[in-house]
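Here the structure comes first, spelled out in structure tokens, and everything after it is commentary.
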Amino acid sequence: MVTIKDMAEILGISTTTVSNVIHGKTSQVSQKTVEKVEKLLEEYEYVPNINARNLANNSSRIIGMVIKGRRDRIDNLIANSFFGDLVSAIEAETRARGYFMMLYISDDINELMRHVSTWNVDGLVMIGILHDDFARIKSRYKKPAVLIDSYAPRNVADYVNVGLDDEQACYDMADYLLENGHRKIAFLADNMEGVDYQRYMGFLRAMHDHGVGTDEDNLIMIHPGILERRSNMREIYEKSKNFTAFMCCSDYYAAMLISDFTDRGVKIPEEVSFTGFDDDEMSRLVRPKLTTIHQNIREKGRVAVDCLEKLIRGEELEKKNYTLPVEMVFRDSVKKITE
């Protein structure tokens with residue numbers, strides 16, 4: 001295989017000049033020379049030895065992404081549009097910055113760390129890290145890390161997090177339903193940890209502020225696993241007869257219920273209203289179009305990778321908790337109750 005030295009001798013220029021062109025450092029190289037080098041690179045189909053360059057720079061140019069999820073959902077996690085969009089956003093952002101991405105998903109924090117500790121990555125982006133998970137991670141992993149949507153206690157571990165004010169966002173959505181005359185509102189989620197718990201707290205606070213009582217019946221759990229879904233959807237349909245509106249923790253679940261209820265002959269929103277969270281593609285494809293809370297998933301990925309890259313370079317961050325804005329999106333899935 002042709003080397004940089006070989007090409008330099010062929011063109012009668014220095015190896016430094018050839019190397020600069022290969023790595024895009026052309027500000028001090030004439031356009032004519034750049035074209036000559038690029039033509040030779042194409043002719044010989046030259047591929048840089050990335051491992052050698054990274055070894056010299058004490059860097060792998062790899063960013064690890066780990067997702068901790070429940071066992072009953074990890075096999076189908078990327079099918080969820082939020083996680084699919086977020087993985088896509090982080091991969092695109094790492095690639096644009098000259099990095100590669102490695103992904104690992106598990107329900108076991110110890111399994112995650114066993115694998116990650118063998119990776120030669122420059123840093124980690126972590127999702128689904130709860131409670132004392134991060135403290136355990138930091139005891140074994142010493143390189144830079146950034147969390148997304150974490151609600152691990154600050155007194156347990158010091159960490160950088162990129163997320164939303166999930167509690168206030170769902171307070172505002174519940175307030176919207178209540179202002180539209182709904183009093184029998186169900187909150188639907190697949191767990192009561194982290195993000196979903198904070199969103200449920202916002203729902204409860206709004207109901208309390210409007211003087212509307214709630215109990216355990218207002219919280220409806222959906223099973224993310226495919227095998228249990230048929231009986232679970234039948235159970236949720238039966239419970240829906242006690243409510244005029246469903247606040248769903250994601251557009252994914254809202255669209256799933258709208259489709260199932262429509263197949264059962266339920267008129268939406270005439271008989272039951274729905275709201276979601278994320279404003280992903282599902283919210284625009286489902287009929288009626290979904291009233292939801294918009295979050296910029298691509299921006300969430302961009303900020304997380306930007307923070308991580310700064311930490312990798314040894315820079316100090318201005319802050320450690322990044323709360324991105326959300327926006328209410330009003331469409332066709334909520335009925336206004338006037339009687």
Side-chain angles (χ1 to χ4, degrees), residues 81-82 164-190 192 195-222 232-297 324-339:
S81 52
F82 169 78
L164 313 172
D165 189 343
D166 292 285
E167 197 266 357
Q168 184 60 46
C170 277
Y171 177 94
D172 293 341
M173 182 59 82
D175 183 69
Y176 170 73
L177 287 172
L178 290 158
E179 291 293 336
N180 275 276
H182 294 273
R183 292 296 180 270
K184 298 177 180 179
I185 307 172
F187 186 91
L188 182 132
D190 66 10
M192 275 290 103
V195 168
D196 285 0
Y197 177 75
Q198 293 298 320
R199 293 175 183 177
Y200 181 56
M201 289 298 101
F203 162 76
L204 291 180
R205 181 162 66 90
M207 298 287 277
H208 177 268
D209 288 353
H210 281 261
V212 180
T214 58
D215 57 32
E216 61 184 15
D217 293 334
N218 291 87
L219 175 61
I220 295 181
M221 304 302 292
I222 185 169
N232 186 214
M233 296 301 283
R234 188 183 307 113
E235 177 187 357
I236 293 171
Y237 166 70
E238 292 298 328
K239 290 181 178 180
S240 73
K241 298 172 184 178
N242 299 319
F243 302 100
T244 64
F246 273 73
M247 269 186 66
C248 299
C249 64
S250 71
D251 294 344
Y252 180 79
Y253 287 138
M256 187 185 297
L257 261 66
I258 287 174
S259 176
D260 182 83
F261 281 26
T262 299
D263 289 346
R264 296 176 190 273
V266 179
K267 295 180 179 179
I268 300 167
E270 292 82 4
E271 295 181 62
V272 60
S273 297
F274 281 90
T275 68
F277 201 117
D278 290 331
D279 192 27
D280 62 22
E281 189 175 18
M282 290 280 190
S283 69
R284 298 180 290 278
L285 292 177
V286 74
R287 293 295 182 271
K289 292 182 180 180
L290 185 64
T291 290
T292 187
I293 297 166
H294 172 81
Q295 66 161 312
N296 190 330
I297 298 174
L324 303 184
V326 297
E327 179 183 356
M328 300 271 285
V329 180
F330 305 106
R331 294 196 181 104
D332 307 320
S333 61
V334 174
K335 174 186 177 182
K336 184 176 180 66
I337 299 175
T338 54
E339 66 269 10

To the nearest 0.5 Å, tell me how far [X] [atom1] sits from [Y] [atom2].
X      : Y      : atom1 : atom2 : value
Leu177 : Ile185 : CG    : CD1   : 4.5 Å
Ile222 : Glu235 : CD1   : CD    : 10.5 Å
Cys248 : Tyr253 : SG    : OH    : 10.5 Å
Cys170 : Leu204 : SG    : CG    : 10.5 Å
Lys239 : Leu188 : NZ    : CG    : 9.5 Å
Asn218 : Phe203 : CG    : CZ    : 5.0 Å

Could you tell me whether the side chains of [X] and [Y] share a donor-acceptor contact shorter than 3.5 Å?
X      : Y      : result
Gln168 : Arg199 : no
Thr292 : Asp251 : yes
Asp166 : Tyr197 : no
His294 : Asp278 : no
Ser283 : Arg331 : yes

[Y] and [X], any side-chain heavy atoms less than 4.5 Å apart:
X      : Y      : result
Ile236 : Leu257 : yes
Val212 : Leu178 : yes
Phe274 : Val334 : no
Val266 : Thr262 : no
Asn242 : Asp217 : no
Met233 : Arg264 : yes
Arg183 : Thr244 : no
Asp209 : Tyr171 : yes

>> Counting only heavy atoms from other residues, nucleotides and ligands, does the tally under 6.0 Å from NE2 of His210 exceed 12?
In response: yes
>> More than 12 heavy atoms of other residues, nucleotides or ligands under 6.0 Å from CD of Glu271: yes or no?
In response: yes
Considering all heavy atoms of both residues, which atom of [X] and which atom of [Y] are nearest to each other, and what is their separation?
X      : Y      : result
Pro269 : Lys335 : O-CB, 3.4 Å
Arg284 : Arg287 : O-NH1, 2.8 Å
His182 : Ser273 : CE1-OG, 3.5 Å
Phe82  : Gln295 : CE1-NE2, 3.5 Å
Ile293 : Ala169 : CD1-O, 3.4 Å
Cys249 : Ala189 : SG-CA, 3.6 Å

>> If we ignore hydrogens and angles and just use 3.5 Å, is the side chain of Ser250 paired with the main-chain N or O of Phe277 as donor and acceptor?
In response: no
> So, the side chain of Asp263 versus the backbone of Asp260: is there a donor-acceptor pair under 3.5 Å, distance only?
Replying inline: no
> Phe243 vs Phe246 aromatic rings, parallel, tilted or perpendicular, using cut-offs 30° and 60°?
Replying inline: perpendicular
> Parallel under 30°, tilted from 30 to 60°, perpendicular over 60°: which one fits the rings of Tyr176 and Phe330?
Replying inline: tilted
> Are any of the side-chain nitrogens in Lys241 or Glu238 under 4.0 Å away from the carboxylate oxygens of its partner?
Replying inline: yes
>> Does this structure show an ion pair linking Arg205 with Glu167, if we count only N-O contacts that are shorter than 4.0 Å?
In response: yes
> Among all residues two or more places apart in sequence or in another chain, which pass the salt bridge (Lys or Arg N to Asp or Glu O under 4.0 Å) test with Glu327?
Replying inline: none
